Amino acid sequence: MIRRPRGTRDFDPEEMRKRRHVESIMRDIVERWGYEEVLTPTFEHIELFTIKSGEEIRNEMYGFIDKGGRELALRPELTAPVIRMYVESMEKKPKPLRLYYFGNCFRYERPQKGRFREFWQFGVELIGGSEVYANAEAIALAHTILSTVGLECPVRLSHLDVMNKLLSQLSEEQQRKVLRQIDKKETNIDVEEPLLSSIRSLLSPMEPHEAIEVASDIAPCEGLKTLSELVELLECYGVPYQIDFSIVRGLEYYTGIVFEMYAEGLGAENQVCGGGSYSLSELFGGESIESCGFGIGFDRVMEICKLEPPTRTKLVVVNAGAYDYAVMVSKLLREQGGNFSVELDVMERKLREQLERANTIGAKYAIVVGERERKEKLVSLRDMETGEQTKLSIDELVKFVRNL
RNA sequence: GCCGGGAUAGGGUAGUGGUUAUCCUUUGGCCCUGUGGAGGCCAAGAGCCGAGUUCGAAUCUCGGUCCCGGCCCCA
């Protein structure tokens, strides 16, 4: 038997109903905020992803060479492709540009809970806003999306200036190492006093305003001003947040404000959203422009989201020996456009078996049509729960299903 | 790449170094030619792959694959 590749998944109808439901909620929200959808190719030139992240990341990508000798890769994320698209064909659009995407991404990594080799990301890019206001919008939007689908995750905020300033005395290599240790929440950080104490006090849990105050003493920088402005805007939106200077994302393309959101119940992979300010367009040959955005790990949201998708009422037209009449009735019902489905036998089943079928699929009503009904220009509507059966005219039937 | 736990019909399971691998569910057929849910009968469908040990392996051993969880990583 041929099975699906490692780290990939099949989604059965029940899962797809849930996924599409959550997806449509997310789309609905961002579109209400004025974001418009874009779609980029599933694969890109591998350079698009290595240009900022270094060659090492090739190991985590699905890369290949096509027949023309081009080095390509399945996209491991969507921010770079969207910005590439912006540079390639949208640079002269009126600013700000509000774009959103929903797409599958691929990473060659060890699968575990909430982590797959093919996974879906839902995200937005807000191109050309001023840093503080644009990030405030992005954060509020991300928070709205997650709480609407039932996830209460407070936002954790930081500004990369702070740690950069604090560690500026160290060599680049040391900075990398220390940032990594901070990111991993390690208790042993490889630096001398008094820097160590400074880092420790910056990382200790504090109220937002206190955190900013403490940081101003230890590592005064522009970023802190930005951060305190952002905090005020978030108050306007009523978004709950914490300041957490351990958020580094330093190995990515982020440049200023950064934020993350975490959820319970996901094991080691509990980050459901991450984002911030970045600067990519000039790397792809465009003009530099302030941008920010976030990505939501759609699969992780689905893992803990309890939303029940709406169900469609099932109707079964039972053909009791009058196929043409049954088709006519089915067609008519389907044209009504209500929230129901209409199924008609394709297995040449007897009346009894068609009713059994209606029963096993959980149909709400069976509509029995045969010669008798045709002669009377009626149908027999059978309630599959109570067993009650009544005769209706076609007009009455139409009126009836419209209310489903 | 590393560590631990797994893998028996479509789904869920039992058991054993030894005839034809258990049960539930599911699916198809019939009892039942214009009325479902119950019941009865019949049928279909399985030990992840490969090698080794053995008279004999689904069972024991090793390797691989895949799944689950953790580490590394997470642009």
Side-chain angles (χ1 to χ4, degrees), chain A residues 1-10 12 14 44 46-61 63 73-81 83 105-117 119 121 176 180 183-184 186 247-254 258 260 266-272 274-276 278 280 283 295 297 300 303 314 316-322 325-326 345 347-375 379-391:
Chain A
M1 190 182 32
I2 298 173
R3 290 189 293 179
R4 63 178 183 269
R6 180 172 165 80
T8 63
R9 291 157 297 161
D10 297 315
D12 64 19
E14 195 183 341
E44 297 269 2
I46 201 165
E47 189 191 6
L48 178 68
F49 306 110
T50 56
I51 195 168
K52 68 168 194 300
S53 319
E55 294 294 311
E56 323 86 67
I57 66 147
R58 280 172 186 264
N59 299 327
E60 273 101 58
M61 277 198 280
L74 299 182
R75 59 188 178 205
E77 51 114 7
L78 279 159
T79 296
I83 297 306
C105 300
F106 306 83
R107 294 185 190 180
Y108 193 91
E109 296 180 297
R110 178 76 169 77
Q112 54 182 276
K113 188 178 177 64
R115 185 151 144 191
F116 306 93
R117 289 184 169 179
F119 58 97
Q121 283 206 333
R176 256 171 190 275
R180 177 163 299 189
D183 188 33
K184 279 155 50 180
E186 284 183 16
I247 294 174
V248 169
R249 301 186 84 84
L251 308 174
E252 303 183 19
Y253 37 71
Y254 291 101
V258 287
E260 298 180 341
L266 279 168
E269 302 292 334
N270 60 349
Q271 191 189 321
V272 293
Y278 57 82
L280 276 176
L283 279 182
R300 294 181 186 176
E303 195 103 0
K314 290 180 178 173
V316 171
V317 171
V318 173
N319 169 22
Y325 190 43
D345 171 62
M347 289 180 78
E348 303 182 60
R349 279 174 158 153
K350 299 170 209 163
L351 185 146
R352 172 190 298 279
E353 296 169 320
Q354 293 182 53
L355 281 170
E356 271 174 24
R357 162 71 183 180
N359 190 56
T360 56
I361 67 167
K364 191 108 181 357
Y365 298 99
I367 294 141
V368 182
V369 294
E371 288 306 331
R372 291 179 206 164
E373 284 82 2
R374 187 197 343 234
K375 276 182 195 137
V379 301
S380 295
L381 178 72
R382 183 178 183 82
D383 185 318
M384 292 301 289
E385 272 163 46
T386 66
E388 275 175 53
Q389 193 164 313
T390 50
K391 291 211 168 173

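Residue numbers begin at 1 in each chain, while the letters A, B, ... track the order of the sequences. Everything numeric in this text was worked out from a predicted model, so none of it was measured.
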*asked:* When the P atoms of B/rU33 and B/rG15 are compared, how many Å lie between them, rounded to an integer?
replied: 44 Å
*Does any N or O donor sit under 3.5 Å from an N or O acceptor when you compare the side chain of A/Arg115 with the base of B/rC73?*
yes
_Between C1' on B/rC74 and CD on A/Glu260, what's the gap in Å once rounded to a whole number?_
11 Å
*Per A/Arg110 side chain, nearest of listed nucleotides B/rC71, B/rU35, B/rC30*: B/rC71
*Could you work out which one of B/rC30, B/rC67, B/rA75 sits closest to the side chain of A/Glu353?*
B/rC30
*Taking for each residue the nucleotide of RNA chain B bearing the nearest heavy atom, is the 5' side occupied by A/Met347 or by A/Val369?*
A/Met347
*Watson-Crick/G-U partner (both atom distances under 3.5 Å) of B/rG1*: B/rC71
*asked:* Looking at A/Arg4 and A/Thr8, would you say the former's side chain and the latter's main chain have a donor-acceptor pair under 3.5 Å?
replied: yes
*asked:* Distance check needed: B/rC48 P versus A/Arg6 CZ, whole Å only.
replied: 18 Å
*asked:* Quick check: closest heavy atoms across A/Glu44 and A/Pro81, and the distance to 0.1 Å?
replied: OE2-CB, 3.5 Å
_B/rG47: syn or anti, per glycosidic angle within 90° of 0_ = syn
*asked:* Any strand counts, and the cut-off is 3.5 Å on both contacts for Watson-Crick or G-U wobble. Which nucleotide pairs with B/rA57?
replied: none
_Whole-Å gap separating P (B/rG34) and CZ (A/Arg374)_ = 16 Å
_Using a heavy-atom cut-off of 4.0 Å across all strands, would you classify A/Gln354 as base, sugar-phosphate, or nothing?_
nothing
*Looking at A/Gly63 and A/Ile46, what are the two nearest heavy atoms and their distance?*
CA-CD1, 4.4 Å
*Checking all strands, does A/Gly321 fall into the base, sugar-phosphate, or nothing category for heavy-atom contacts under 4.0 angstrom?*
nothing
_Pick the closest RNA chain B nucleotide for A/Arg117 and for A/Asn359 by heavy atoms, then say which residue is nearer the 5' end._
A/Asn359
*Determine the contact category for A/Gln271: base if any of its heavy atoms lies under 4.0 Å from a base atom, sugar-phosphate if only primed atoms, P, OP1 or OP2 are that close, otherwise nothing.*
nothing
*Value rounded to 0.5 Å, distance of CD in A/Glu109 from CZ in A/Phe119*: 7.5 Å
*Nucleotide paired to B/rA7 in any strand shown, Watson-Crick or G-U, under 3.5 Å*: B/rU65
*asked:* I'd like the C1' distance from B/rU16 over to B/rG29, given in whole Å.
replied: 34 Å
*Looking at B/rC30, B/rG70, B/rC73, which one has an atom nearest to any side-chain atom of A/Arg180?*
B/rC73
*Which part of the nucleic acid, if any, lies within reach of A/Glu109 when heavy atoms closer than 4.0 Å are counted: base, sugar-phosphate only, or nothing?*
base
*Separation of A/Glu356 atom CD from B/rC31 atom C1', in whole Å?*
12 Å
*Looking only at atom C1', what distance separates B/rG45 and B/rA9, rounded to whole Å?*
5 Å
_Check this one for me: any side-chain N or O of A/Gln112 less than 4.0 Å away from OP1 or OP2 of B/rG69?_
no
*asked:* Considering every strand and a 4.0 Å limit on heavy-atom distances, what is the contact class for A/Gly7: base, sugar-phosphate, or nothing?
replied: sugar-phosphate
*asked:* Expressed as a whole number of angstroms, how long is the span from A/Arg9:CZ to B/rC66:P?
replied: 16 Å
*Has A/Arg352 got a side-chain N or O lying under 4.0 Å from the OP1 or OP2 atom of B/rG36?*
yes
*Interatomic distance where CD belongs to A/Glu388 and C1' belongs to B/rG37 [whole Å]*: 16 Å
*Gap in Å between the two P atoms, one belonging to B/rA7 and one to B/rG11, rounded*: 15 Å
*Is a salt bridge present between A/Arg107 and A/Glu77, judged by a nitrogen-to-oxygen distance below 4.0 Å?*
no
*Ignoring hydrogens and geometry, is there a side-chain-to-backbone donor-acceptor pair from A/Gln121 to A/Cys105 under 3.5 Å?*
no
*Complementary nucleotide for B/rG45 - Watson-Crick or wobble, under 3.5 Å*: none
*Under the 6.0 Å and 45° cation-pi test, does A/Arg382 pair with A/Tyr365?*
no
*asked:* Please classify the nucleic acid contact of A/Arg349 as base, sugar-phosphate, or nothing, using heavy-atom distances under 4.0 Å.
replied: sugar-phosphate
*What distance, rounded to whole Å, do you find between the two P atoms, one in B/rU13 and one in B/rU8?*
9 Å
_Length of the OH-P vector between A/Tyr325 and B/rG34, whole Å_ = 18 Å
*asked:* In whole Å, I'd like the distance from the CD atom of A/Glu303 to the C1' atom of B/rC68.
replied: 12 Å
*Please work out if A/Arg372 contacts a base, only the sugar-phosphate, or nothing of the nucleic acid, heavy-atom cut-off 4.0 Å.*
base
_C1'-based separation of B/rA38 from B/rA57 [nearest Å]_ = 44 Å
*What is the nucleic acid contact for A/Arg4, judged by heavy atoms within less than 4.0 Å: base, sugar-phosphate only, or nothing?*
nothing
*Side-chain contact, heavy-atom cut-off 4.5 Å: A/Arg75 with A/Met61?*
no
_Does A/Asp383 reach a base, just sugar-phosphate, or nothing at all? Heavy atoms under 4.0 Å._
base
*With both distances under 3.5 Å as the test, what is the Watson-Crick or G-U wobble partner of B/rG39?*
B/rC31
